[in-house]
Each structure stands twice: as structure tokens, then as C-alpha cells.
There are 2 protein chains.
Amino acid sequence: MPEQANGAKRDTYRHGNLRHALLEVGIELARAGGPDAVVLREATRRASVAPNAAYRHFPRREALVHAVSLAAMGQLARAMEEGLAALPALSDRAEAARTRFRAVGTGYLRFARTEPGLFRTAFYVPDDMTEAEATVSAGAGGLTPFQLLGAALDDLVSCELMTPARRPGAEFLVWSCVHGLAVLLIDGPLRGLQDTQADQAAHDLIDMIEGGLR
Amino acid sequence: MPEQANGAKRDTYRHGNLRHALLEVGIELARAGGPDAVVLREATRRASVAPNAAYRHFPRREALVHAVSLAAMGQLARAMEEGLAALPALSDRAEAARTRFRAVGTGYLRFARTEPGLFRTAFYVPDDMTEAEATVSAGAGGLTPFQLLGAALDDLVSCELMTPARRPGAEFLVWSCVHGLAVLLIDGPLRGLQDTQADQAAHDLIDMIEGGLR
DNA sequence: TCCTTATGTAGACGGCGTCCACATTTGCGG
DNA sequence: CCGCAAATGTGGACGCCGTCTACATAAGGA
């Protein structure tokens, strides 16, 4: 029975729900330091468990990181959903669609800048599209970030704010633009921009996208 | 005098130019496996030198990775320049500007997909803007990727293919879009796309950007 | 009740980054 | 030309990591 600095000792031989505990700790680590910071030994330490115990639930470190990654993607989805939910109801349907589309982008960017560690982890050795649609990476509404964007684009088309001809594959193009800004802002040469400047850049970027979509 | 599997033994106690050798090996490692693959011990091994010798030239591993990163950025610049140089001379000035602008983007994306390890390394814990303009990260023409893009945008404005009002800060927006697609293609959910599909996406993305800029 | 199975522990191995002490050169001031 | 300080490379150690094998303990069904 290993003593624990964290004060969280255990009286039973069994942990109870180690897998879940490791996931929680992993999220905590990723939040603070990105994917590389989710370290098996540290996770087991915080869970008051021997290092090897982790291997009963994850075949290797990468599997834990992957699980954390899906959870992080879910948190991203949730953050975007919250941004959408906070929107005022607009009577003009086209205006509402446009507002929702913009909120999808700004929500994405806000999460990236608020939780850079989780954001980076969400895209760490990420799954191909099929797995990215797993329920774990969805928000409360059951939609992944990708699907939220797709829905916003559909709205745009139905309100004639976007040419239907451009619709196929458009999520990937829009996603690229927004994701690129997010990456440049948190890791790249735009890192350290003031909030107001970053917001301005986000605004201008979405303007540009809207113009290119029309 | 340590034996070396690599066959490259040394008869002098001094290496000669270890710093340069480590950089070369570092680039090789980054090329094959990205920034995380730039491992001090392996680099010194390949340079036929004791692990600690590296510390005479780089205070810590991160410093070596950083040097490799600048070199990788330089290679990116060179690749873009080559793409520009290969363009046919067009009589119509506006058409030429447009073609050059597109070539900047496609060159960037081609390098990302051709040399993903180096591309990822180029953006690993990257410098802020000022250092990114260092001569190391420039191509043969002395311009960094960022500056190449800026020049292309200036051309667009002077040919009235872009509103001057949109010019300030536009490189960051365009950069975001192209960079985002690059990241999604090599690391993200678009990884594993066929060449033709990736080219199509690149084409469509640049179309969209052009539309948004006008 | 007993035995299979799930779960956690103990100890070891090799690899890594980094520190300290020591060895060998180089090159400069006299 | 000499001698000595500074530059450069070596050797060994430490603590951390991921992972393997062997073993211990608990839970639950026959």
C-alpha cells in the first residue's frame, strides 16, 4: 500500500474505478501541459496506485492520451454549444444563421485560447473522421465540433447566404481557416497577442470566410 | 574514443565542427520523426561523440530543436521560392500576381505534405514574429515564408485584386487558412487523404481565400 | 467452498536529459 | 618557444520515463 503525497490514500486493495480516475488525472495533466504532460507514472501517482496498474486499463501510454484526447474534443464541443446557446433569439432567420455560424467559429477559438493544453491534446495524433464522430467527443447535444460546423453551414445554405455549389466539403475549408488561426495563436507566431487583438483577428478572419463562401 | 556503428569514426580528439554536425543530424531526425524525434543522445551517437559533448554547443535539448526549427523554416521558404521561380512568365500583370499568390499557398502546402516532419518542427514552440524573420529561416532570396506571403499580397493590392482596406494584417488571416489546412492534412482528421483530394482541397481553399479578400 | 479471473504490486531493464568531475587540445601572452 | 587558461570532449552518475515479467490479492460464480 503505497503512501501518497496527495493525501488520497486507499484502504482497499482494489481502487474501485481506476480507469476513470486515470482519465480524470490525465485530463488534468493535459489541461496543464498538453499531450506530452500526460505521463503514465505521474497519473498513477496521483491515483495512489503503482505505475503498472495503469496497464490493466490502457495497453500503453498512447491509449490513455487518446482517451484524454476524445474527452478534450468533447469539452471543445460543449464549449461551442454553450456559445451557441448563449445567443439571443433573432427574428430574422438569415441573420440568426449568420450569427450562429460566427458563434461556431468564435467558440472554437475561445476554447483554444482558454484551454490551450486541452485543445492541443484534442488534436494529438487524432483519429480519422469516423472515430472523431464517436459519442465521447460530442457535447451535450450529441454533436461533435465538426458536426456543429456542418449544421451551421447547412443553415447558411438554406438562408441563401452561401452558394449550394460550395457546400460539399466546405466544412473542411472553414475548419482549416479557424483551426489555423487557433494554432498560430496558441503555439505559433501569433502567440502572446493581446485578447483584443486576437478577437479582432478572429473577427476579420470570419469576415473573410463569409465573403469567400457567399 | 568511442566506436561508432555509423562507421564514421574520428581520429582527432576534437570533432572539428560538432555544432554543425549536430544540426545536420538534428534535421535528419526531425525530417524522419518531427520535433520529438530530435533526441540528444541519438544525435551525439550519430556524430560519434559522447552525449555530453552536445552541451558544449547547446545549453539544453530544446536549444538544438530550436536551431533545427529555424533551419526547417528556411527549407520551407526555399521550397516556396522554388515554386514561385517555376512559374511561367505572364504578360497580364494581374494574372501574374494572382498566380504568384496561389503559388505561395500551394508551395506551403506541398512542403507540409512532402516533409511533414520538418514542417511540424518548423512550428515547434516557434519564436515570436521578430525572431521568425531571422536570416536562418529565410530562403535563398532572403525572405521568410511570412515575407513571401506579404509580398504576394502587396502585388494583389497593386493589381486591384484586393481591397487596400483589407491589406493590414491580411497575411495573418491568409496564413491561418493555409496553415490550418496543412495541419489538418498532416496531423489531423484529413490525414491520409489521397493526393488528388488534397490538391482539390487546397485549390478550393485558395479560391475561397481569394473570394474573401477581394 | 474453491478456483478462475480481474486487478494491483514488486522489481527490473533500457533509454532519456542533465549534472559534476576529469581529460585533452588549442591558442594566446610572455 | 613555453606555459597556462579557455574551449572542447569523456566518463560516470542520478532521477525520470515507458514497459516487461513474475507475483499477490481480491471478487464472484461453479
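The sequence lines fix the lettering, A, B, ..., with proteins before strands; numbering per chain opens at 1. Just so we're clear, the structure is a prediction, and the values are computed from it rather than from any experiment.
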Could you tell me how far apart [X] ([atom1]) and [N] ([atom2]) are, to the nearest whole angstrom?
X: A:E42; N: D:dG18; atom1: CD; atom2: C1'; value: 14 Å
X: B:Y55; N: C:dC19; atom1: OH; atom2: P; value: 6 Å
X: B:N52; N: D:dG9; atom1: CG; atom2: C1'; value: 9 Å
X: B:F58; N: D:dG9; atom1: CZ; atom2: C1'; value: 15 Å
X: A:R19; N: C:dT7; atom1: CZ; atom2: P; value: 11 Å
X: B:E62; N: C:dT18; atom1: CD; atom2: P; value: 9 Å
X: B:D36; N: D:dC17; atom1: CG; atom2: C1'; value: 14 Å
X: B:L18; N: C:dT25; atom1: CG; atom2: P; value: 16 Å

Next on the checklist: Less than 4.0 angstrom from a charged side-chain N to a carboxylate O is my criterion; do B:E28 and B:R31 meet it?
Outcome noted: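 Here B:E28 does not pair with B:R31 in a salt bridge, since their nearest N and O are not under 4.0 Å apart.
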Among [options], which is the nearest nucleotide to the side chain of [X]?
X: A:A53; options: D:dG9, D:dT19, C:dG8; answer: C:dG8
X: A:V49; options: D:dG9, C:dT9, C:dG17; answer: C:dT9
X: A:R45; options: D:dT8, D:dC17, C:dG17; answer: D:dC17

Item to check | A:R166/B:D207 under salt bridge (Lys or Arg N to Asp or Glu O under 4.0 Å): CA gap, chis, key distance, verdict | outcome: CA-CA 11 Å; A:R166 286 204 223 278; B:D207 276 355; over 6 Å; no
Item to check | Pairs where residues 74-86 of chain B contributes a residue and the test salt bridge (Lys or Arg N to Asp or Glu O under 4.0 Å) is met, not counting sequence neighbours | outcome: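 Listed by first then second residue: nothing to list.
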Next on the checklist: With a 6.0 Å cut-off on the ring centroids, do A:F123 and A:H179 count as close?
Outcome noted: yes
Checklist entry - When you check the phosphate oxygens OP1 and OP2 of D:dA26, does a side-chain N or O of A:R56 lie under 4.0 Å from one of them? => result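 No, because none of the side-chain N or O atoms of A:R56 sits under 4.0 Å from OP1 or OP2 of D:dA26.
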Next on the checklist: Please tell me if A:H57 has a side-chain N or O lying less than 4.0 Å from either OP1 or OP2 of C:dG8.
Outcome noted: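 Affirmative; the distance criterion is met.
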Checklist entry - Nearest nucleotide by nearest heavy atom, which residue falls closer to the 5' end of DNA chain D, B:P51 or B:R41? => result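 Looking at DNA chain D, the more 5' nearest nucleotide goes with B:P51.
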Checklist entry - Does the side chain of B:R102 reach to within under 4.5 Å of the side chain of B:T99, using non-hydrogen atoms? => result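 Heavy-atom side-chain distance check fails, nothing below 4.5 Å.
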